[in-house]
Structure formats: structure tokens, C-alpha cells
*Asks:* 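Below you will find the structure I want to go over with you.
Residue numbers begin at 1 in each chain, while the letters A, B, ... track the order of the sequences. Heavy-atom basis, side chains included; hydrogens, waters and symmetry copies ignored.
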2 protein chains.
Amino acid sequence: MLKPGDRIGILGGGQLARMLALAAAPLGLDCHVYCPDEASPAFQVAARSTVAAYDDEAALAAFAADVAVVTYEFENVPAATAAFLSARVPVLPGPNALATTQDRLAEKDFVNAIGLSTPAYRAVDSLADLERAAAELGRPSVLKTRRFGYDGKGQAMVRPGVDLAEAWNAIGMQPAILEAFVPFEREVSVVAARGADGTVAAFDVCENVHRHHILALTTVPAALGPEASRVAVEHAARIATKLDYVGVLAVEMFALAEDGRERILVNEIAPRVHNSGHWTIEGAETSQFEQHVRAIAGWPLGSPARLGRIEMRNLVGDEAAGWLDMLRDGHAHLHLYGKAEARAGRKMGHVTRVLRG
Amino acid sequence: MLKPGDRIGILGGGQLARMLALAAAPLGLDCHVYCPDEASPAFQVAARSTVAAYDDEAALAAFAADVAVVTYEFENVPAATAAFLSARVPVLPGPNALATTQDRLAEKDFVNAIGLSTPAYRAVDSLADLERAAAELGRPSVLKTRRFGYDGKGQAMVRPGVDLAEAWNAIGMQPAILEAFVPFEREVSVVAARGADGTVAAFDVCENVHRHHILALTTVPAALGPEASRVAVEHAARIATKLDYVGVLAVEMFALAEDGRERILVNEIAPRVHNSGHWTIEGAETSQFEQHVRAIAGWPLGSPARLGRIEMRNLVGDEAAGWLDMLRDGHAHLHLYGKAEARAGRKMGHVTRVLRG
């Protein structure tokens with residue numbers, strides 16, 4: 001168990017690491033951020049920084065020696081990095097969670113193995129695999145690389161008429177899966193924390209709207225019936241428990257209308273704090289960032305109670321240019337991530353509104 | 001007007017500077033903390049730090065060149081430091097507010113000059129002055145140095161039987177005031193922000209309990225009638241306006257019962273964020289720290305609406321040792337300031353509870 005004054009190591013220096021560091025400080029914990037990019041937003045609020053590659057063993061060893069626990073803000077931490085650090089200092093969530101969630105095939109196999117459902121999928125390691133899978137799952141379907149995909153990268157839609165060889169080329173002929181297209185009613189997510197003692201505290205179900213594969217809008221509560229909401233939360237809790245997870249995770253799910261009932265399919269697991277949970281900073285009694293810090297510190301979790309109806313909008317690319325208008329709405333909570341350059345598709349900030357009472 | 005990516009300079013590196021920096025970051029603003037003490041808690045969350053004396057002109061010039069605005073977390077910024085910086089970069093709140101509030105005599109003269117009331121007081125520059133003042137104001141009364149007093153330091157009670165020469169010695173024979181003792185019902189404070197455009201946004205009236213001259217407990221709303229609450233808020237707004245103030249200030253007041261009515265006397269003005277406003281982090285729609293940042297940035301203020309009934313307890317000295325029990329109450333918001341050593345009388349953290357609904 002950590003104690004106040006201890007230091008947390010964070011791999012990755014983006015906005016998630018930045019908000020983790022901002023949540024650790026009030027608990028009396030310092031952060032040491034490790035990121036290859038010297039312009040990382042999290043460096044600005046961290047007690048210590050290391051700018052080094054994830055395979056720089058000297059830098060990793062010094063980092064491990066400086067911190068009481070290591071966590072990360074992205075799921076693509078190289079396995080060798082996680083293993084190197086784990087030999088020296090606790091890494092939470094554990095390498096098992098990383099290994100499962102880094103690989104879309106392993107992740108979907110895991111989800112089905114614990115009794116939950118995903119869209120139908122097939123492993124694709126060759127064009128021949130892809131041809132067979134497309135014949136079995138039909139079109140449209142989605143070809144996704146097993147590793148390193150995010151925000152729609154490493155994906156190709158297989159619509160009627162699409163040439164399979166072209167799709168296979170488009171994703172770089174990497175190990176992949178083909179996933180049946182799901183005619184979902186809505187995309188939802190559950191952000192949940194699991195403590196070192198096995199306690200799970202889930203936030204209410206979020207409803208998410210993506211634009212160009214990037215989260216645009218989260219509203220809470222999701223427009224699900226009570227039974228589907230209960231099921232969604234249970235799914236996240238079961239996943240966290242079966243992974244023996246410590247920290248915050250997010251489970252993205254599809255809600256389908258089937259025979260007049262709502263059905264929940266698991267889409268993706270993010271072994272980290274999640275964009276759809278940013279509203280918890282003002283909208284929940286304890287934020288996802290504080291929950292994650294409490295969990296990896298071995299501390300009791302806080303209350304995840306929601307404090308109102310929530311609307312969280314991402315500021316992507318030049319949308320952050322409207323910051324002054326957003327500040328004029330004294331009830332809007334503006335968050336800017338301190339990124340110098342507003343490139344298209346780059347998450348620059350978010351705005352949360354909590355409708356109370 | 002500042003823009004996201006600009007840097008704020010903060011004089012002083014204690015918990016107030018730390019919480020200011022934590023509030024500036026989500027608004028996309030960096031902080032540069034300047035403090036002579038290299039173990040300053042605010043350094044851990046600031047983008048840049050300077051460890052130097054407040055009269056180190058080379059360090060001050062470099063600091064001024066690095067930031068878009070300078071603010072401070074304590075009212076005893078040397079006048080020469082404020083003047084040196086003001087010649088190079090905006091200093092907010094302005095040097096006028098500093099000069100008035102650094103000196104108990106000037107402060108009380110100012111408060112009375114703008115039509116508000118204080119306890120009766122006399123200037124004391126010699127033992128002869130003290131003898132005359134004690135005769136006029138009676139006993140008990142309180143002898144206070146004009147400058148550099150805080151948390152009860154630089155004060156001596158003049159009770160019946162106290163030798164005046166001893167009291168004069170006890171405060172170092174410095175320029176002082178003698179203040180009539182006020183049989184107050186309660187101590188209250190109003191924390192308010194004034195924007196660059198003159199808008200004032202006050203938080204609800206706080207009721208404060210001190211122990212050994214150090215704030216122990218703040219509850220909000222204060223147990224005042226609506227008329228006295230209105231008057232207290234108006235006092236703070238008038239003081240902010242008459243000082244042409246930009247930023248957050250706190251006005252400490254005494255509430256007296258006189259002829260069945262509540263009367264408000266101004267005790268002290270703090271030209272900065274204030275301990276009795278720490279509850280605003282979770283208990284108000286916008287925190288005092290964010291309000292201060294918005295004000296000195298030239299930005300619109302946020303809503304000061306209160307979100308529930310408030311109880312904020314300071315953790316002084318070894319009271320912070322109970323941190324784990326406090327974390328077990330998932331509804332308590334624990335704040336630890338990152339101070340290594342828990343000396344007696346040292347503010348180590350605070351805990352806020354917001355009773356909603």
C-alpha cells in the first residue's frame with residue numbers, strides 16, 4: 001500500500017496522464033511521467049519527467065527505482081517494457097490485463113470465454129482467411145488489425161463490392177480480425193474501478209457518439225432501460241474481476257434492439273482511464289482519475305455516485321478555438337490539455353456540463 | 001487577456017499556490033512557482049520553478065520575463081518585490097491591494113473610509129500610545145503588529161492585570177494597533193472573486209471555527225439570518241470594488257448580536273485565495289482557485305453556486321496521520337498538501353464533505 005508522499009510512475013504523457021497527475025496531487029502523491037515525446041502535456045504538472053524511448057532499459061531502470069508503482073495511460077505499452085518494469089516495481093493494472101487487451105483476438109476470446117457476448121468475429125492472418133471470414137460473416141463487416149489500433153486507425157470497412165485484397169492491403173496485411181457489422185441502437189460504455197481488495201465501483205452507463213471514429217459526445221445516463229443498464233455494469237464488473245484487474249477500465253459496448261429487448265455486446269476493453277469517463281471530474285463524487293490512483297495505491301475506492309445529468313463534449317482539432325465562448329457559460333467546465341498544436345483529429349480538450357437537481 | 005498556453009507566475013510555493021496550479025492546468029495554463037524554499041509543495045505540480053529570495057533581482061527579472069501575469073499566495077510579498085515585478089509584467093491583485101492589506105492600520109482605515117465597520121482600534125507606535133489606547137478601549141483588548149502577522153503570530157491579549165510594557169515587548173515593540181475585544185457570536189468569511197471587467201462573484205458566507213488561532217472548521221452556509229448574510233456578501237463586494245481588485249479575496253468578519261439584530265464587523269482582508277474557501281473545490285460549481293485564475297487571466301468568472309451543505313476540516317500537524325480512515329469514507333474529499341514534515345500547527349491538508357440534496 002502506498003502512503004502519502006510516495007511517487008507514482010506513469011507511462012505515457014498525454015491528457016490521460018495529465019489528468020491522473022492532477023488527481024494524484026490532492027491525495028499527497030507525486031507523479032513521474034515517462035514519455036518519449038518531450039512536448040508531453042503531462043510533464044507540465046508532474047513532479048518528475050523522463051523523456052526516453054520505451055525500450056531504453058537504463059531509463060526504465062531509473063524510472064522504476066524512483067517510483068512506488070507504475071501505471072500507464074495507453075494500452076499499447078510494449079510487452080517487453082511491462083515485463084522489464086514488473087521485475088522491479090509493481091505495474092498496475094497488471095501485465096495480464098495489458099496482454100489481453102492489446103490484442104483484439106485475445107480480448108474477444110477472453111470476453112466470450114467468461115460468458116459475455118461480442119459481435120461475431122474471425123481471426124484473419126492471410127487473404128485466404130479474410131475471404132473465408134467474409135463469406136461466413138457477410139458484408140458489411142469490419143477488418144481490424146489485432147494490435148495498435150485506436151480512434152479508427154488500422155480498420156477497413158468491408159462493404160459489398162469492396163475488393164478483399166485491397167482491404168487486406170489497407171491494413172498493412174497484419175494479423176487481424178474480421179468482425180460482423182452490428183446494427184446497434186447506441187454505443188455505450190461503463191467505466192469502473194476495481195480496488196486491490198477486489199471491490200468494484202462502477203460509474204453509471206455512458207452513451208457515446210463518435211464522429212470520424214473519435215468520441216464526440218458522452219451523455220449520462222445512457223438512454224437504456226434499467227435491465228440493460230444493470231447488465232452493462234455487470235459486464236464491466238465481470239471483466240474487471242476475471243482479469244484480476246486493479247485500477248480503472250472502460251468497457252465499450254453496443255446496445256442492440258432484438259425482439260423488443262435490449263441486448264448488450266462487448267466491443268472493446270480499455271485497460272485505463274477513458275475519454276467517456278472525463279465527466280466524472282465534476283459529475284461524480286469521485287473522478288475516474290482519483291479512483292484509478294486510489295486503486296493502484298491499494299487504497300479504498302471513493303463513491304462513484306453521479307451528481308446530475310451529464311453532457312461531455314470533446315474538443316477535437318480547431319474546436320478548442322472556441323474556448324472563450326465556453327468560458328462565458330459559467331456552468332460549463334472547460335478542460336484544455338495544454339497541447340501546442342491543434343492538428344485535425346487531435347483531442348485538444350473537453351467541456352462538461354452537469355445538470356443538477 | 002491571457003490565452004491558453006500562457007504561463008502564470010505565482011509568488012509563494014505553499015498549498016495555496018499548489019491548488020492554484022492544479023486549477024490552472026485544466027484551463028490550459030501553465031504555472032511558474034517562485035519560492036525561496038526548495039521543498040515547496042507547489043513545485044511538484046508546476047511546469048517551472050524558481051528557488052530564490054524575494055529580493056533576488058536577477059531571478060525576479062527572469063521570472064517576470066517567463067510569465068504573462070504574476071499573482072501570489074500570501075499577502076506579505078515585499079513591496080519592493082511587487083514594484084520590481086509590476087514594472088515588467090502585470091501583477092494581480094494589484095500592488096494597491098497588497099499595500100492596503102499588508103498593514104492592519106491602513107486596512108482598518110480603508111474599511112472605515114468606505115463606510116464599513118471594524119472593531120474599535122488605535123494606532124500604537126510606543127508604550128505611551130499603548131497606555132493611552134488601553135485606557136480608551138478598555139480590557140480585554142488585543143495588541144497586534146501592523147505587519148507580518150498570521151495565524152495568531154504577532155499578537156498579544158491585553159487582559160485585565162496584564163502589564164502593558166510586557167505586552168509591548170511580547171510583540172517586539174513594532175508598529176502595532178490595539179483593537180477592542182469584540183464579543184462575537186460567530187466568525188464568518190466571504191470569499192469573492194472580482195473579474196477584470198468589475199464583475200463580482202461571491203461564494204456563500206462561511207462560518208469558521210479557529211483553534212489556537214488556526215482555522216479548524218468551516219461550515220457553509222453560516223448560521224446567519226438572510227439579512228446579515230446579504231450584508232456580509234455586500235461588504236466583501238464593496239471592499240473588492242473599492243480596492244479595484246482583480247482576483248479572489250477573503251474578508252473575515254465578526255457577527256455580533258446587538259439589540260436582537262445581527263451586526264457585521266470587518267476583521268481582516270486576505271488579498272488571495274483563502275483557507276475558508278477550500279470547500280469550493282468540490283462544493284461549488286467553480287472553485288476559488290479556478291475563479292482566481294479566471295480573474296487574473298482576464299477571463300469571465302464561473303458560477304459560484306454552492307452544491308450542498310458544506311463541512312471542511314483542516315488537518316493540522318499530526319491530524320493528517322488519519323488519512324487512511326478518511327479515505328475509507330468514500331464521500332469525504334481528502335486533500336493532502338505534500339509536506340514532508342508534520343510540525344505542530346502546520347496545515348497538512350483538509351477534508352471536505354458536501355451534503356447534497
*Asks:* Quick check: do A:Phe43 and A:Val51 have side-chain heavy atoms less than 4.5 Å from each other?
*Replies:*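 The answer is yes; the side chains approach within 4.5 Å.
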*Asks:* Mind listing the closest non-hydrogen atom pair of B:Tyr245 and B:Arg194 along with its distance?
*Replies:*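 Closest heavy-atom pair between B:Tyr245 and B:Arg194: O-NH1, 2.8 Å.
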*Asks:* Any chance you could measure B:Lys347, atom NZ, to B:Leu215, atom CG, to the nearest 0.5 Å?
*Replies:*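 If we round to the nearest 0.5 Å, B:Lys347:NZ and B:Leu215:CG are 6.0 Å apart.
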*Asks:* At a 4.5 Å cut-off on heavy atoms, which part of B:Ala25 comes close to chain A: side chain, backbone, both, or neither?
*Replies:*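 Contact with chain A involves both backbone and side-chain atoms of B:Ala25.
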*Asks:* Of all of B:Met1, B:Lys339, B:Arg18, B:Arg48, which one pairs up most often with chain A through heavy atoms under 4.5 Å apart?
*Replies:*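 That would be B:Arg18.
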*Asks:* Which of residues 295-311 of chain B have a heavy atom under 4.5 Å from any heavy atom of chain A?
*Replies:*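 At a heavy-atom separation under 4.5 Å, chain A is reached by B:Trp299, B:Pro300, B:Leu301, B:Gly302, B:Ser303, B:Leu307.
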*Asks:* Considering all heavy atoms of both residues, which atom of B:Leu315 and which atom of B:Glu319 are nearest to each other, and what is their separation?
*Replies:*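 Smallest interatomic distance, heavy atoms only, reads CA-OE1, 3.5 Å.
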*Asks:* To the nearest 0.5 Å, what is the distance between CG on B:Asn275 and CD1 on B:Ile214?
*Replies:*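 Interatomic distance, B:Asn275 CG to B:Ile214 CD1, rounded to 0.5 Å: 10.0 Å.
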*Asks:* Listed by residue number, which members of residues 2-16 of chain B have a heavy atom under 4.5 Å from any heavy atom of chain A?
*Replies:*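 Those residues of residues 2-16 of chain B which have a heavy atom under 4.5 Å from chain A are B:Leu2, B:Lys3, B:Pro4.
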*Asks:* To the closest 0.5 Å, what do you measure between NE2 (A:His350) and CE (A:Met326)?
*Replies:*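 That separation rounds to 11.5 Å.
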*Asks:* How close do B:Gly195 and B:Val246 get, counting heavy atoms only, and between which atoms?
*Replies:*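 Residues B:Gly195 and B:Val246, closest heavy atoms: O-CG2, 4.2 Å.
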*Asks:* Report the C-alpha distance between B:Arg346 and B:Glu341 in whole Å, list the side-chain angles of each, state the deciding distance to 0.1 Å, and finish with yes or no for side chain to side chain contact (heavy atoms under 4.5 Å, CB included).
*Replies:* CA-CA 9 Å; B:Arg346 196 177 201 200; B:Glu341 204 192 334; 3.9 Å; yes
*Asks:* Looking only at heavy atoms, which two atoms of B:Val190 and B:Ala202 are closest? And how far apart?
*Replies:*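 Heavy atoms of B:Val190 and B:Ala202 come nearest at CG1-CB, 4.1 Å.
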*Asks:* I want to check something: taking the side chain as every heavy atom from C-beta on, are B:Asp30 and B:His32 in contact at a cut-off of under 4.5 Å?
*Replies:*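 With C-beta onward as the side chain, the pair stays apart.
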*Asks:* Using a 4.5 Å heavy-atom cutoff, which residues in residues 277-294 of chain A come close to chain B?
*Replies:*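 Residues A:Glu285, A:Thr286, A:Arg294 are the ones that qualify, each having a heavy atom under 4.5 Å from chain B.
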*Asks:* A:Ala59 and A:Thr50: which non-hydrogen atoms are nearest, and at how many Å?
*Replies:*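 Residues A:Ala59 and A:Thr50, closest heavy atoms: CB-CG2, 4.2 Å.
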*Asks:* Has B:Asp197 got a side-chain atom pairing as donor or acceptor with B:Thr199's backbone, closer than 3.5 angstrom?
*Replies:*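 Checking the backbone N and O of B:Thr199 against the side chain of B:Asp197, a donor-acceptor pair under 3.5 Å is found.
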*Asks:* Can you give me the closest heavy-atom contact between B:Val205 and B:Ser229, atom names plus distance?
*Replies:*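 Taking every non-hydrogen atom into account, CG2-O, 3.8 Å.
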*Asks:* Within the 4.5 Å heavy-atom criterion, are B:Thr71 and B:Pro93 side-chain neighbours or not?
*Replies:*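 Side-chain contact under 4.5 Å: yes.
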*Asks:* I'd like to know if the side chain of A:Asp204 and the backbone of A:Pro221 have a donor-acceptor N/O pair within less than 3.5 Å.
*Replies:*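 Checking the backbone N and O of A:Pro221 against the side chain of A:Asp204, no donor-acceptor pair under 3.5 Å is found.
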*Asks:* Listed by residue number, which members of residues 327-335 of chain B have a heavy atom under 4.5 Å from any heavy atom of chain A?
*Replies:*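 Hits under 4.5 Å: B:Leu327, B:Arg328, B:Gly330, B:His331, B:Ala332, B:His333, B:Leu334, B:His335.
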*Asks:* Using 0.5 Å steps for rounding, measure from the CG atom of A:Leu27 to the CG atom of B:Leu336.
*Replies:*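 So the CG of A:Leu27 and the CG of B:Leu336 are separated by 7.0 Å.
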*Asks:* Please report the interatomic distance CG(A:Leu217) to SG(A:Cys206), rounded to the nearest 0.5 Å.
*Replies:*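 A:Leu217 CG to A:Cys206 SG: 11.0 Å, rounded to 0.5 Å.
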*Asks:* Between atom OG1 of A:Thr218 and atom CZ of A:Arg313, what is the distance when rounded to the nearest 0.5 Å?
*Replies:*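 These two atoms lie 10.5 Å from each other.
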*Asks:* What residue, out of A:Ser49, A:Gly349, A:Ala47, has the most heavy-atom pairs lying under 4.5 Å from chain B?
*Replies:*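 Highest number of heavy-atom pairs under 4.5 Å: A:Ala47.
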